[in-house]
Colleague: 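Quick one: this structure, given as structure tokens, is what I'll be asking you about.
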Amino acid sequence: MARPNQAKIDLHALLHNLGVARSCAPRSRVMAVVKANAYGHGAVAVARALEKAVDALAVASIEEAFTLREAGVACPVLLLEGIFDAGELLACATQGFWVVVENERQLDWLERSQLPRPVESCWLKVDTGMHRLGVAPSQAAEFHRRLLDCKNVSDHVVTCTHFASADLLDSVQTPQQIELFNQVTADLPGPRSAANSPGVLAWPAAHYDWIRPGYMLYGDSPFEAPQPNADRLLPVMTLCSEVISVRDVPAGETVGYGATWRAERDSRIATVTAGYGDGYPRTAVNGTPVLIAGQRASLAGRVSMDMITVDVTDLEDVDIGDEAILWGEELPVGEVARCAGTIGYELLTRMPPRTPRVVVRG
Ligand SMILES: *Cc1c(COP(=O)(O)O)cnc(C)c1O
């Protein structure tokens with residue numbers, strides 16, 4: 001018998017969520033974002049499931065791109081931050097890695113390199129308000145022309161930008177960024193791209209030629225408020241474990257490190273083998289929902305490295321061996337994240353190697 005905790009990965013749900021993205025933006029090509037180990041789900045399994053169904057994949061670094069190539073994933077892979085030194089360009093040209101160009105230094109490297117063949121596609125990033133990466137709107141035309149003139153760049157030059165607030169459904173910044181991007185690209189040839197997951201789901205004016213969904217593919221809503229497209233998503237990861245101990249705790253007694261939870265009535269506490277060493281956030285507060293044998297119960301006491309304790313007083317017949325779901329089916333990761341002062345993106349991405357990923361529907 002092995003320790004029963006695992007992250008079940010439902011690749012069927014992944015493809016369903018890709019279908020939601022396509023139905024939102026039927027005229028756009030799809031670049032699926034699989035950076036950070038596919039948001040913690042396992043980059044190779046996710047990329048293999050997606051590669052025939054998408055037009056390209058995207059990662060954060062050439063190391064992540066090589067991981068995919070070494071596993072036999074053959075489709076184009078965009079490096080979302082571009083390259084970090086000129087030496088990476090040779091591999092980009094020969095391996096079919098596409099590069100973002102977001103500053104003068106990266107463009108210089110492209111112009112000065114001797115490559116056996118051009119880089120297949122360059123994505124010129126324009127800063128329309130995120131103020132993190134990208135060239136200024138006033139520089140976009142010159143960069144675009146230099147890329148088209150560059151012998152090391154094919155003529156597939158995409159102009160792209162990134163949203164700062166698209167996850168806020170009433171954001172005023174997003175329409176401003178779209179408007180500025182339209183102005184900047186009005187006279188530029190070639191495809192355009194702007195939409196991350198919230199852009200795909202809720203901002204049709206941002207779809208352009210390529211969409212770049214990440215988080216939504218993994219099946220949780222990027223919005224706090226209900227949103228009709230996001231409500232169709234299915235969670236890909238279900239983090240589950242089992243009850244390994246059950247005990248009665250009399251009123252007045254406390255549970256766990258630091259005695260931060262006190263029984264207000266005679267209580268029943270179930271101990272589940274999953275803690276912050278398994279990716280469950282230590283910052284989750286008392287009352288955070290946990291599903292025990294399919295029923296909602298509440299976290300009681302501090303999260304330990306390997307265990308949590310759950311108040312199951314109001315549940316019937318809880319026993320050792322009962323299934324515990326920490327997030328996933330019937331319990332959105334974003335809801336748990338809010339109870340832990342963070343976002344679902346972080347909980348998924350931080351999932352440690354110790355937690356086995358088990359593909360359940362491939
Ligand atoms: C991570 C990333 C995305 C995907 O964002 P989600 O909110 O996860 O969909 C898209 N574009 C860029 C440039 C990114 O870095």
Colleague: Taking all non-hydrogen atoms of both residues into account, name the closest pair between Leu217 and Val33 and its distance.
Modeller: CD1-N, 4.4 Å

Colleague: Quick one: closest heavy-atom pair of Pro222 and Asp167, and the distance?
Modeller: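 Taking Pro222 first and Asp167 second, the nearest heavy atoms are O-CB, 3.5 Å.
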
Colleague: What heavy-atom pair brings Thr283 and Ala340 nearest, and what distance separates the two atoms?
Modeller: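 Looking at all heavy atoms of both residues, the closest pair is OG1-O, 2.8 Å.
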
Colleague: For Gly40, does its backbone N or O pair with a side-chain atom of Arg357 as donor and acceptor, under 3.5 Å?
Modeller: yes

Colleague: When you check the side-chain N and O atoms of Ser171 and Gln173, is any donor under 3.5 Å from an acceptor?
Modeller: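 No, no side-chain donor-acceptor pair sits under 3.5 Å.
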
Colleague: Using a distance-only test with no angle check, is there a side-chain donor-acceptor pair under 3.5 angstrom linking Asn37 and His41?
Modeller: no

Colleague: Look at atom CD of Glu330 and say whether more than 12 heavy atoms of other residues, nucleotides or ligands are closer to it than 6.0 Å.
Modeller: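 Counting other residues, nucleotides and ligands, CD of Glu330 stays at 12 neighbours or fewer.
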
Colleague: Just list the side-chain donor-acceptor pairs under 3.5 Å for residues 200-207, sequence neighbours left out, or say none.
Modeller:
| from | atom 1 | to | atom 2 | distance (Å) |
| --- | --- | --- | --- | --- |
| Trp203 | NE1 | Ala166 | O | 2.9 |
| His207 | NE2 | Gly199 | O | 3.4 |
| His207 | NE2 | Val200 | O | 2.9 |

Colleague: Of all residues at least two apart in sequence or in a different chain, which pass the side-chain contact (heavy atoms from CB on, under 4.5 Å) check with Ala49?
Modeller: Leu11, Leu14

Colleague: Determine the minimum heavy-atom distance between Glu81 and Val100, stating which atoms define it.
Modeller: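 Taking Glu81 first and Val100 second, the nearest heavy atoms are C-CB, 4.4 Å.
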
Colleague: Which heavy atom in Gly301 sits nearest to a heavy atom in Asn286, and how many Å separate them?
Modeller: N-OD1, 2.7 Å

Colleague: Do Thr185 and Arg192 have side-chain atoms, one donor and one acceptor, less than 3.5 Å apart?
Modeller: yes

Colleague: Can a donor-acceptor pair be found between the side chains of Arg247 and Ser245 at a distance below 3.5 Å?
Modeller: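 Per modelled atom types, Arg247 and Ser245 side chains form a pair under 3.5 Å.
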
Colleague: Restricting to non-hydrogen atoms, name the atom on Ala140 and the atom on Val135 that form the minimum distance, rounded to 0.1 Å.
Modeller: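 Looks like CA-CG2, 4.1 Å.
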
Colleague: For Ser28 and Arg22, which I'm curious about, is there any donor-acceptor pair between the side chains at under 3.5 Å?
Modeller: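 No pair is found: no donor N or O on one side chain lies under 3.5 Å from an acceptor on the other.
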
Colleague: Which class fits the ring pair Tyr215 and Tyr345: parallel under 30°, tilted 30 to 60°, perpendicular over 60°?
Modeller: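 Judged by the thresholds at 30° and 60°, the geometry between Tyr215 and Tyr345 is parallel.
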
Colleague: Will you find, in the side chains of Arg117 and Thr94, an N or O donor that is under 3.5 Å from an N or O acceptor?
Modeller: no

Colleague: If only side-chain N and O atoms count, and only distance matters, is there a donor-acceptor pair under 3.5 Å linking Asp306 with Tyr280?
Modeller: no

Colleague: Arg212 and His162: side-chain donor and acceptor closer than 3.5 Å?
Modeller: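 Looking only at side-chain atoms, His162 and Arg212 do form a donor-acceptor pair, the distance falling under 3.5 Å.
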
Colleague: Looking at residues at least two apart in the chain, or sitting in another chain, which of them share a side-chain contact (heavy atoms from CB on, under 4.5 Å) with Arg268?
Modeller: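 side-chain contact (heavy atoms from CB on, under 4.5 Å) check on Arg268 returns Val246, Asp248, Val312, Thr313.
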
Colleague: Do the non-hydrogen side-chain atoms of Leu80 and Lys35 ever get within less than 4.5 Å of each other?
Modeller: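 They are in contact (side-chain heavy atoms under 4.5 Å apart), so the answer is yes.
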
